[in-house]
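Please read the structure below before turning to the comments.
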Number of protein chains: 2
Amino acid sequence: MLATLLRRVPYLTEADIAACLPLWTKSVTLKRNDFLIRAGQVEHHLYFVSSGAMRIYLPDATEEICVGFAYGTSLICSFPSFVENRPSDYCLQALKKTELLAVSRADFLALLDSNANFARFWRMELERVLVGRIEREIDLLLPEPERRLQRLLARSPHLFQLIPKKYIASYLRMTPETLSRLR
Amino acid sequence: MLATLLRRVPYLTEADIAACLPLWTKSVTLKRNDFLIRAGQVEHHLYFVSSGAMRIYLPDATEEICVGFAYGTSLICSFPSFVENRPSDYCLQALKKTELLAVSRADFLALLDSNANFARFWRMELERVLVGRIEREIDLLLPEPERRLQRLLARSPHLFQLIPKKYIASYLRMTPETLSRLR
DNA sequence: GGTAAATCTTGAGGCTAATCAAGGTTTGGT
DNA sequence: ACCAAACCTTGATTAGCCTCAAGATTTACC
């Protein structure tokens, strides 16, 4: 539930949350393999995953390179497309039945401008995501597949129950065969 | 010059810039191979590179993995350490004589809280950096060394005049020999 | 619950990039 | 400008991951 996520942020008041919640006017339900966005489309919404699981992948010339997952109660979008209002390089696809709420870019930006507490929340969310990306970069730079796997197991062991191994292998920059052999 | 960087931001007024500049009280000059920060230290400052060039690397067990460069007029710090106030995983080292200005975390956070325009600047700076990281992630995920090199050549050709090839090779997740053979 | 599809595992072989090594070139510091 | 150190290049060899393939297992959907 979105309200639960927001209530965990100490400096957001009930008034801030009450100002935010009504902006999530769009509701989306995806079946397995449905797309939330395809490469080439412009992303105009920021999404909250209520339930289900998604994968984010780059449709490269010869293969689909998996760059991330979303599940549980997290925010998700094709970030460069949403922020820069340009066509997405990525596809976002449901791995199972998935329910999402969405806020439009215009409403979201207006909220950031009108509510300093919420602007602070978004700033800290960006910092948190950026720190996560930097951690992730370390993973990708390690030359040994085994150490890349170890780091993911240490950080996100639940992924292995939730996401098909072939996508995790792609995320870890190795083939499914190599991942299977490492286990 | 720091003022030049800030004046390029359309929504920062001269008053905003005047409020910001005096906070950069610390001045640092590094010789070649000097460290701005070593792994294990906590980063309490955000830096602006006035001149020179720096590399950011991860001192891994067996090798130094290069994760980025800073030069010209850019902001730089060990980001996870600065944001989360914890020991840095990274080393920041000067590649030549380098001059920097610094603002303390406390002063910077106070500025973000007191100046909405500056908070907006920082939010957009974070978004910009995050988009760059996502681009960078694509580079790292490409399996072929040749395509990783092509993307860097397309995006930052000047790096090859500025930075020793061995660090660029590490940044591109390949050995100096492989980089040399690709050219 | 049953069936088909998707996914995972295991094996054999090939290829690419890493390693090791040596010579040539550039760069830094005095 | 000189010398020394750092850096870059090229070659030969090796190791590790990918590719291809087939069988086993799990999962999805009616």
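Basis for what follows: all heavy atoms, side chains included, without hydrogens, waters or symmetry-related copies. So you know, we letter chains A, B, ... as the sequences are listed, proteins then strands, and number each from 1.
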I'd like to know if A/E177 reaches the base of D/dC20 with its side chain such that a donor and an acceptor end up less than 3.5 angstrom apart. yes

Would you kindly give the NZ-to-P distance between A/K97 and D/dT27, to the nearest whole Å? 20 Å

Spacing between A/E64 atom CD and C/dT7 atom P, to the nearest angstrom: 11 Å

Nearest heavy atom decides the nucleotide; on that basis, is B/L95 or B/M174 closer to the 5' end of DNA chain C? B/M174

Across the strands shown, which category fits A/P145 at heavy-atom distances under 4.0 angstrom: base, sugar-phosphate, nothing? sugar-phosphate

Would you confirm whether the ring centroid of B/F118 sits within less than 6.0 angstrom of the ring centroid of B/F121? yes

Closer than 4.0 Å, any side-chain N/O of A/T178 to the OP1 or OP2 of D/dG16? no

Tell me whether A/R55 forms a cation-pi arrangement with A/Y171, defined as NZ or CZ under 6.0 Å from the six-membered ring centre and within 45 degrees of its axis. no

B/D60 and A/R147 ion-paired at < 4.0 Å: yes

Between atom NZ in B/K166 and atom P in C/dT26, what is the gap in whole Å? 18 Å

Please state how far atom CZ in A/R32 lies from atom C1' in C/dA5, giving the value in whole angstrom units. 9 Å

Return the value, rounded to whole Å, for the distance between atom CG of B/L162 and atom C1' of C/dT27. 15 Å

Looking at B/T175, does any N or O in its side chain come under 4.0 Å of the phosphate oxygens OP1/OP2 on C/dA18? yes

Nucleotide D/dT26, atom C1' - distance to OH of A/Y167 in whole Å: 15 Å

In this structure, how many angstroms lie between the P atom of C/dT25 and the CZ atom of B/R183, rounded? 16 Å

Carboxylate-amine/guanidinium contact A/E127 A/R123, below 4.0 Å: yes

A/R181 CZ to D/dC18 P, straight-line distance once rounded to whole Å: 10 Å

